[in-house]
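Naming: A, B, ... by sequence-line order, numbering from 1 per chain.
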Protein chains: 2
Amino acid sequence: MKIFYLCSQKLNALMEGEHNLARLIREGNLRYLPHLSLDCVIFGFHEGQLKVLLLKMKHKSDWSLPGGFVAHTETLEQAADRVLNERTGLSGIFLKQFHVFSDLSRSDIPQTLSELRRDGIEAKVGDWLAQRYISVGFYALVSFSKVVPRADMLSDACEWRDLSDVGKLILDHNQILGKALETMRLQLNYQPIGYNLLPPSFTMPELQRLYEAILGKKLDRRNFQRRMLGFGILRRLPERKAGGAHKAPYLYEFDHEAYKRALLEGLHGGW
Amino acid sequence: MKIFYLCSQKLNALMEGEHNLARLIREGNLRYLPHLSLDCVIFGFHEGQLKVLLLKMKHKSDWSLPGGFVAHTETLEQAADRVLNERTGLSGIFLKQFHVFSDLSRSDIPQTLSELRRDGIEAKVGDWLAQRYISVGFYALVSFSKVVPRADMLSDACEWRDLSDVGKLILDHNQILGKALETMRLQLNYQPIGYNLLPPSFTMPELQRLYEAILGKKLDRRNFQRRMLGFGILRRLPERKAGGAHKAPYLYEFDHEAYKRALLEGLHGGW
DNA sequence: AATCATTGTGTCAATTTGACACAATAGTAC
DNA sequence: GTACTATTGTGTCAAATTGACACAATGATT
């Protein structure tokens, strides 16, 4: 039990030495729950495109989703929030767990070992990292412009990628991404979306392009507006958006109270 | 790694001795992933009432949801299916993971230890069971009449309970049950339900009472029928149900092909 | 001033939904 | 057997929602 209560800062310092990876493997079990990881699908929206934040792993050609482990003193949600914060600088963002991935084939232990050895790190089966992992998938919707992508000690790049240009990811991360997208599309049917994805005020066409990007299909401009306004979660501002090359559209903002209520109660309910 | 490949039958035998619980605590880590459990909310339907299968834990006044652990060689889904099978005798049933529960307060280790000691079992912090658990919630919909409830080695009763008469459950199991119900209600909006909950053939009023039990509210008889038939997943049989005290209703069965398609593609889709 | 892409606001028919009426049927009471 | 009752099968109809589309207004560009 003692290990649960080890000073968090001390462990932090522990992890920040020269041989970060080697230390994680030796001492990860002091801080984190074994066999359990989480992966975050972080969506952003920019120039009409839905984006995903990806990491380029050291010494690997494939990219991966940002992920992490769950400390003995954290809930899953806290751990996911921490991971999100470490990669983006943001915190307190809408973050939703959507599936747990537990296939036996998702942890390729022999390959992990050989990769570690290539890095000159001693590790044997059952060591931290060289074990089976069960991963909880989270997805987040964040404001593209507020994010400052940051790589971690296991990766040497952290970048936005167009959803249509993701390519092959490590392990089952393509599957995780697919499931996140599927879940979000379903969610769109009974929950509002966009609060963290768009700037504080936005135009109706901008909101529509977001929905189109998520759904992957075109929507009718006028019917979209009628429906969105019908939800009663938008407030039209007196100003119009200036600078565009055409007729200036109105600006809208979310009615936070109504938005939160819609998140809890759903939008139309079905039955 | 060796432990992963230990003959499963051997371990089975290991667990079936006199001091099952003591052995589980000593040797559970050989078979199962540490810190990870799962809980199943098993719904049934009988006499117009939605039921949940509950276990009465030994030496405890509170009841609990059937749960279990994940073997090193199992996926979560396989483990959940096994748990369901052990309590009901059924297998291959629709089983859906709906949330992971990871609050720090959900594992009361001091209390677990004192309960074990009351049973005359030696255990210390960090031992199997006397550790933090993160639990994956699954829910299942099963045919009430096909189930033969069976207690396990940690419990001395396994019974159906009316959803309205569940009472206080151990730990956060009331919360888990609530979340399962909430998830199932949402699911009702875009997926068919009832295949495993009802007998092979059933009447429209029976199906309606199932929906009413899940949603917790009355529905209009005629609109319900119109909508259900509109989904195109039902086939009306030539026979009618005899024996009732009133006009004999038609019998229906699910069109398995259409049902599966509806499960995958959703019922109306929203956008 | 004409052009052009884009936005604001409707309209209208088709479809879906919600509320309700009425006839048919199978037991029950007499 | 006949009346009664509760329940089922089938529709109807108005209201609300949805999908498809038209037209005027605006703001930069030429």
Exercise for review: Only pairs at least two apart or in different chains count here, so list each salt bridge (charged side-chain N to carboxylate O under 4.0 Å, His left out) that has a residue in residues 141-151 of chain B.
Suggested key: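 Residue pairs passing salt bridge (charged side-chain N to carboxylate O under 4.0 Å, His left out), neighbours aside: none found.
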Can I get a per-line list of side-chain donor-acceptor pairs under 3.5 Å for residues 243-254 of chain B, giving both atom names and the distance, sequence neighbours left out?
residue	atom	partner	partner atom	Å
B:Tyr250	OH	B:Arg240	NH2	3.0
B:Glu253	OE2	B:Arg235	NE	3.3
B:Glu253	OE2	B:Arg235	NH2	3.3

Practice item. Calculate, to the nearest 0.5 Å, the distance between atoms CD and CG belonging to A:Gln78 and A:Asn85 respectively. Key: 13.0 Å
Exercise for review: Please name all residues satisfying side chain to side chain contact (heavy atoms under 4.5 Å, CB included) with A:Leu171, sequence neighbours left out, ordered by chain then number.
Suggested key: A:His173
**Study point:** Qualifying residues under side chain to side chain contact (heavy atoms under 4.5 Å, CB included), relative to A:Asp172, sequence neighbours excluded
**Key:**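 Per chain and number, A:Asp172 pairs via side chain to side chain contact (heavy atoms under 4.5 Å, CB included) with A:Phe101, A:Arg106, A:Gln175, A:Ile176.
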Check your understanding: Is the shortest heavy-atom distance from the side chain of A:Thr183 to the side chain of A:His99 under 4.5 Å?
Key ->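 Not in contact.
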Spacing of [X] atom [atom1] relative to [N] atom [atom2], expressed in whole Å:
X	N	atom1	atom2	value
B:Leu219	C:dC20	CG	P	15 Å
A:Phe224	D:dC21	CZ	C1'	19 Å
B:Met228	C:dT16	CE	P	17 Å
B:Arg227	C:dT15	CZ	P	18 Å
A:Lys218	D:dA20	NZ	P	16 Å

Check your understanding: In degrees rounded to 10°, what angle is found between the helical axes fit to the five outermost pairs at each end of the helix from C:dA1-D:dT30 to C:dC30-D:dG1?
Key -> 0°
Going by the rule salt bridge (charged side-chain N to carboxylate O under 4.0 Å, His left out), which residues pair with [X] if we only count those two or more places apart in sequence or in a different chain?
X	value
B:Glu182	none
A:Arg185	none
A:Arg261	none

Distances for protein N/O vs nucleotides 26-30 of chain C N/O pairs under 3.5 angstrom?
residue	atom	partner	partner atom	Å
C:dA26	O4'	B:His246	O	3.0

Quick one: which protein N/O atoms are closer than 3.5 Å to N/O atoms of nucleotides 10-12 of chain D? Pair and distance per line, please.
residue	atom	partner	partner atom	Å
D:dT10	OP2	B:Arg236	NH1	3.1

Just list the side-chain donor-acceptor pairs under 3.5 Å for residues 40-57 of chain A, sequence neighbours left out, or say none.
residue	atom	partner	partner atom	Å
A:Lys51	NZ	A:Asp162	OD1	2.7
A:Lys56	NZ	A:Lys60	O	2.5

Side-chain donor-acceptor contacts of residues 205-214 of chain B below 3.5 Å, not counting sequence neighbours, with atom names and distances?
residue	atom	partner	partner atom	Å
B:Glu206	OE1	B:Thr203	N	3.0
B:Glu206	OE2	B:Lys241	NZ	3.0
B:Gln208	NE2	B:Glu212	OE2	3.0
B:Gln208	NE2	B:Leu219	O	2.9
B:Glu212	OE2	B:Leu219	N	2.9

